Structures are given as C-alpha cells and as structure tokens.
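Comments concern the structure below.
Since this is a predicted model, take the numbers as computed values, not measurements. Letters A, B, ... mirror the listed sequences (proteins, then strands); counts begin at 1.
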Number of protein chains: 2
Amino acid sequence: MARISAGLDKDGALVNLGVAIRARRKALHLSQEALSDAAEIDRSHMGKIERGERNVTFLNIVKIASALGCKASELLVDSNL
Amino acid sequence: MARISAGLDKDGALVNLGVAIRARRKALHLSQEALSDAAEIDRSHMGKIERGERNVTFLNIVKIASALGCKASELLVDSNL
DNA sequence: ATGTGACTTGTAGTCCGTA
DNA sequence: GTACGGACTACAAGTCACA
C-alpha cells in the first residue's frame with residue numbers, strides 16, 4: 001500500500017514525475033542504485049519515488065535532476081506539469 | 001533565522017523558487033493571504049516558502065502553481081532550475 | 001498585509017531486512 | 001537489480017500568537 005492516497009495525488013502528479021525520472025534514468029543506462037548514489041538519496045526511497053509512492057521535497061527533485069544531468073524544470077515538462 | 005541552512009540550499013534553489021512564486025503572485029495582484037487560501041496552504045507557511053526558508057514538497061509546488069494559474073514547470077523555469 | 005518564533009503532527013527519508 | 005516491508009529519525013506540514 002502506497003503512502004500517498006489517490007485523493008492527495010489527484011492528477012497522478014507524483015506518478016508522472018516518477019515515470020519521467022525512470023525514463024531519464026533508463027535512457028542513461030543507470031541502475032536505481034547508481035542514480036540514488038549520485039543523488040545522495042537512499043535507494044529504497046528512490047524506488048518509491050519512481051513508483052509515485054512518496055511526495056519528494058523540492059531540494060531532492062533538484063538533486064535527482066542534477067544526477068540525471070538535466071534541469072528540474074525538464075523533468076516536470078516530461079511529466080506534463 | 002531561516003530553517004534551511006545555506007549548506008543545504010547550495011544554489012539558492014529554494015530562494016529562487018520563492019522569488020518566482022512571489023513575482024507571479026504580484027503580477028496577479030494577489031496577497032499572500034489570497035494565494036495561500038487558493039492553494040489551501042497556511043499563510044504563514046506560504047510566507048516562509050516565498051522567502052526560501054522552507055524546503056517545500058512537490059505536491060505543494062503543484063498546488064501553488066495551480067493557484068497561480070500556471071504549470072509547476074513554468075515556476076521552475078522562472079527560477080532557472 | 002507580512003514576518004517570525006514556538007509548537008505538534010504527519011510524513012519524508014534512512015537503514016535494515018526479505019523475496 | 002528491483003519491489004516491498006518494518007522500525008526507526010529528521011524534518012516538512014500545518015497551526016497560532018504576536019510583532
């Protein structure tokens with residue numbers, strides 16, 4: 001059971017963000033482990049983020065984007081937000 | 001004293017985000033109160049976000065962007081992120 | 001109208017496992 | 001290499017009083 005209720009994440013914003021992160025990660029042929037290591041975020045947490053089960057903080061979005069070699073805004077554009 | 005250390009917010013990302021939010025809010029001639037009301041976020045909390053003193057979460061960024069009538073990605077583009 | 005400090009509650013984020 | 005769980009700790013969310 002995810003910790004984010006469908007009610008809170010009305011437009012699936014977190015899921016879309018997670019999908020965008022995963023897509024960029026795969027494009028770079030990185031493992032979750034490699035990415036979470038580069039972003040200095042726990043691998044378990046990163047997995048939940050990709051699945052849209054966690055409401056990431058802004059600073060971590062920036063860190064992840066940076067680890068993916070792109071801007072945070074690009075991730076959101078991918079997510080249609 | 002701000003709750004976010006300069007060390008954590010290396011590039012002033014939170015400050016830039018706050019500035020972008022405030023700029024858009026002013027452009028719409030809204031008070032913090034009106035905006036925080038529209039975004040369903042407490043005025044006090046919103047004020048701290050605008051000053052870059054809080055590491056806001058993704059879902060709240062989306063809520064604020066929505067209350068500002070723009071996309072979350074646009075806010076980040078304004079912030080150069 | 002906004003800034004700020006003090007506070008409680010919820011959850012982001014860590015660390016350990018198992019499959 | 002990834003999903004998922006339990007048990008923590010750190011900190012964002014949310015509220016209020018007062019400047």
Side-chain angles (χ1 to χ4, degrees), chain A residues 1-10 12-68 72 75, chain B residues 1-10 12-68 72 75-76 79:
Chain A
M1 178 62 174
R3 301 190 53 177
I4 306 292
S5 77
L8 273 178
D9 190 18
K10 283 184 170 40
L14 287 171
V15 174
N16 290 341
L17 178 67
V19 168
I21 291 171
R22 177 163 295 185
R24 291 230 177 220
R25 176 173 67 78
K26 294 275 190 189
L28 294 172
H29 305 294
L30 292 172
S31 65
Q32 280 188 358
E33 200 164 19
L35 177 59
S36 56
D37 189 53
E40 296 181 303
I41 289 173
D42 191 77
R43 195 197 59 68
S44 164
H45 192 207
M46 182 68 76
K48 286 165 188 168
I49 292 170
E50 285 193 353
R51 273 172 264 136
E53 293 174 9
R54 277 271 213 287
N55 183 15
V56 201
T57 57
F58 178 65
L59 250 25
N60 274 338
I61 293 174
V62 173
K63 277 207 237 172
I64 293 169
S66 167
L68 286 169
L75 273 179
Chain B
M1 185 55 180
R3 299 188 51 176
I4 306 293
S5 75
L8 273 178
D9 191 19
K10 283 185 172 35
L14 286 171
V15 174
N16 290 341
L17 178 67
V19 168
I21 291 172
R22 178 162 293 185
R24 291 229 175 219
R25 175 172 67 78
K26 295 276 189 188
L28 294 172
H29 305 295
L30 293 173
S31 65
Q32 278 189 0
E33 200 162 20
L35 177 59
S36 56
D37 189 54
E40 296 182 302
I41 290 174
D42 191 78
R43 182 191 64 71
S44 167
H45 193 203
M46 181 69 76
K48 285 163 191 169
I49 292 170
E50 282 194 354
R51 274 171 265 133
E53 293 175 8
R54 293 254 171 146
N55 183 15
V56 63
T57 57
F58 178 65
L59 249 24
N60 274 339
I61 294 174
V62 172
K63 277 208 240 173
I64 294 169
S66 168
L68 285 169
L75 274 177
L76 296 218
S79 318

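Taking only side-chain atoms of B:Q32, from C-beta outward, the nucleotide of D:dG14, C:dA12, C:dG3 with the closest atom is C:dG3. Among the nucleotides D:dA3, D:dG1, D:dA13, the one closest to the side chain of B:N60 is D:dA13. Candidate nucleotides D:dT2, C:dT4, D:dT15 were compared by shortest atom distance to the side chain of B:H45, and D:dT15 ranks first. Side-chain proximity of B:K48 to the nucleotides C:dG5, C:dT14, C:dG13 is greatest for C:dG5. Distance from the side chain of A:R43 is smallest to C:dG17 among C:dA1, C:dC7, C:dG17.
Between B:L68 and B:R25 there is a side-chain heavy-atom pair separated by less than 4.5 Å.
In terms of position along DNA chain D, the nucleotide closest to A:K26 lies nearer the 5' end than the nucleotide closest to the other residue of the pair B:T57 and A:K26.
For C:dC16, the base has no donor-acceptor partner in the side chain of A:S44 [N/O atoms by modelled type, under 3.5 angstrom].
Put simply, CG on B:L14 is 13 Å from C1' on D:dC11, counting in whole angstrom units. Per the geometry, CG belonging to A:D42 stands 17 Å off P belonging to D:dG6, to the nearest Å. Summarising the geometry, the separation between CD on A:E53 and P on C:dG13 is reported as 14 Å, rounded to the nearest angstrom. Straight-line distance from the CZ atom of B:F58 to the C1' atom of D:dA13: 17 Å, rounded to whole Å. We find that CE of B:M46 is positioned 17 Å from P of C:dT4, with the value rounded to whole Å.
Note on B:N55: only backbone sugar-phosphate atoms sit closer than 4.0 angstrom, heavy atoms only; bases stay farther off.
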